[in-house]
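Have a look at the structure below, then the notes.
Residue numbers begin at 1 in each chain, while the letters A, B, ... track the order of the sequences.
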Amino acid sequence: MSLRILAPKPKPKRPSLLEICDGDLDPRQFYQLLSQAVTSGVFATDSVLSSKLLLRSLSRRRLEFSRAIFSQIQNPNNFACNFIFKAFCHSSSPQEALFHYNLVRRRFPHFLPDNYSFPFLFKACGRLSLPHKGQELHCLAIALGLETDVFVQNGLVSMYSACGMLHCARKVFDLLPVSVRDVVSWNSIVSGYVQSNRNWDALQMFDEMLAFTRPDNVTLVSALTACGKMGCLHLGRQIHGLVLARGFTLDVFLGSSLIDMYAKCGRMDEARKVFDRIRDKNVVCWTSMIAGYAQSRSFKDAIELFREMQLDGVEADAAMVACVISACGRSGALGHGRWVHTYCERIGFYTNISVKNALIDMYAKCGDIKRALEIFHDMSNRDVFTWTAMITGLAMNGDSVGALEVFTQMEASDVRPNEVAFLGILSACSHGGFVDKGFHYFRAMAGIYNLTPRIEHYGCMVDLLGRANLLNEAEKFIGAMPIQPDVVIWRSLLFACRTYGNIALAEFIAKKIEELEPREFESRVLLSNLYASASRWHEVSRMRKGTPREGAQKQPGCSLIEVDGLVHEFIVADCSHCQIDSIYEMLRGMNKVIRSERFD
DNA sequence: GTAGGGTTAG
């Protein structure tokens, strides 16, 4: 028997901090590694490990750690600096990127930003709308010889666009040699025009681009957005054709912008076809579709789709619920609205200001003004939409005095009323019969707030005078308007004529309306009713002769009712409801009761 | 030894 001498087991090598850093780490292990790095003085000696730790902190989205780690690094290299700029420029506090840039330049005079730094810094300037800081950095970039670096220059185009300085963005773009421009350069300038609502210029740039570069998904998204904003269905369809013919992938961005374009052009059927074809829909796709339905007043479809989304397991975000709440408000679906309200409180969207604004609007539109006021009073931060929703809501619910009070409070706050807020207050004056106050606010628009009254504001004033039986003043007011009066304005005065029985003026207005809308017969019907009430039967029959029995109605009337959480929609002469027979039976029964009551 | 720019809904 021989003795075998066993070789000693090799002692396992302890992995270095760098190796640990490269491996998979759960949060606890990461914190352990961080504390070891702090105690062993790594940040003073090992710039690579410091940088790697920074990178890991960023992937954990723990910016406070990134900031702490960066502050420990004694001599940060450009890599570490760029890293911190990048982390912050995309964060919720982009000013931190510029703060760190200033800090680094002060503390390390030898530090100079490089071609990697500038895009992040420009991004931060753009997001913060700091064109002066951007220009300062632009000068430095030129001094450093980066005027043909496509990344730096594209960053500049986007920065100037984001700051609303489109002429500068265009100049940077034009100065960039054609051989250097890439698809991102074109995308940046096209999207710049779209952001500034210069949609026609955006589409022209898009057209020009096609001669130089193949567009990508991002290009088409911007072009489609421009088409949507302009209601340009023809071009939108052509771009959709390009998507299909050239085999572009229908990603969520392209899908959402196609839905949005079709929805804004009133083609919900085509929007839905796109929606159904998107795989892995995100919350934006669902919102685009739901917003489209809400915008085309198909509230029932909007609310149903929201339910469907939840069954699909997609979580809503604040923007989505604000959109759904607004659909509930406009359809009068108070039950649904309440349910979404509870849902918001549960998920935690309730802190979001646009959600609260939507809730105020919804409760006010559904007649629960008490609840709307409660939410309004509980809010510590109010923006112009909050105030406007409350003023309009009170006016709508007949509380003109309340609306005037809230408007006064708004004027005392640091929020400036906009055109919509003035529509609210003018309609409050009109319904409350406050003629002098109405004129005061109408004059204040231009005089104090530098807002140009739009045709809707003039409409409110005509309504105000008409309701107050100041029909001749209303007519004079229309005559003095700097804009051409439209049918809405004339019709509102015609209604006032009917109320106060002014046949002579009504005849004059009906003529005006017929000139503007020769195929509409609503004014004739109104006028003939007016003749009837004055027993001028000859004129009544003259009016009716020229009026066709059918086709006089342009927009079908529509009403909705919510029963047990389901919204039922009825359009004039629509028999599609599954219980239409029992509904009519009930209506006939009710009519009978009403008639018998009347003759009792 | 390591990283980059532009885009969508409300």
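In this model, a donor atom of one side chain and an acceptor atom of the other lie less than 3.5 Å apart for Asn154(A) and Asp182(A). Between the side chains of Thr386(A) and Asp383(A), at least one donor-acceptor pair of N or O atoms lies under 3.5 Å.
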Pairs under 3.5 angstrom, nitrogen or oxygen only, protein versus nucleotides 8-10 of chain B, please.
from   : atom 1 : to        : atom 2 : distance (Å)
dA9(B) : N1     : Asp317(A) : OD2    : 3.4

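Within the 4.0 Å cut-off from OP1 or OP2 of dG6(B), at least one side-chain nitrogen or oxygen of Lys123(A) is found. The side chain of His90(A) places an N or O atom within less than 4.0 Å of a non-bridging phosphate oxygen (OP1 or OP2) of dG5(B).
Taking 4.0 Å as the cut-off between side-chain N and carboxylate O, Arg198(A) and Asp201(A) count as a salt-bridged pair. Between Asp260(A) and Lys264(A), at least one side-chain N (NZ, or NE/NH1/NH2) sits under 4.0 Å from a carboxylate O, which counts as a salt bridge.
Asp216(A) comes within contact range of at least one nucleobase, with a heavy-atom separation under 4.0 Å. Within the nucleic acid shown, Phe120(A) comes within 4.0 Å of sugar-phosphate atoms alone, with no base atom in reach, counting heavy atoms only.
Between the side chain of Asp182(A) and the base of dG5(B), at least one donor-acceptor pair of N or O atoms lies under 3.5 Å.
Screening residues 260-295 of chain A for ring-ring contact (aromatic ring centres under 6.0 Å, His included), with sequence neighbours left out, gives His240(A)-Tyr262(A), Phe275(A)-Trp286(A).
Judged by a 6.0 Å distance limit and a 45° cone about the ring axis, Lys86(A) is positioned over the six-membered ring of Phe83(A).
In this structure, Leu156(A) atom CG and dG6(B) atom C1' are separated by 13 Å, rounded to whole Å.
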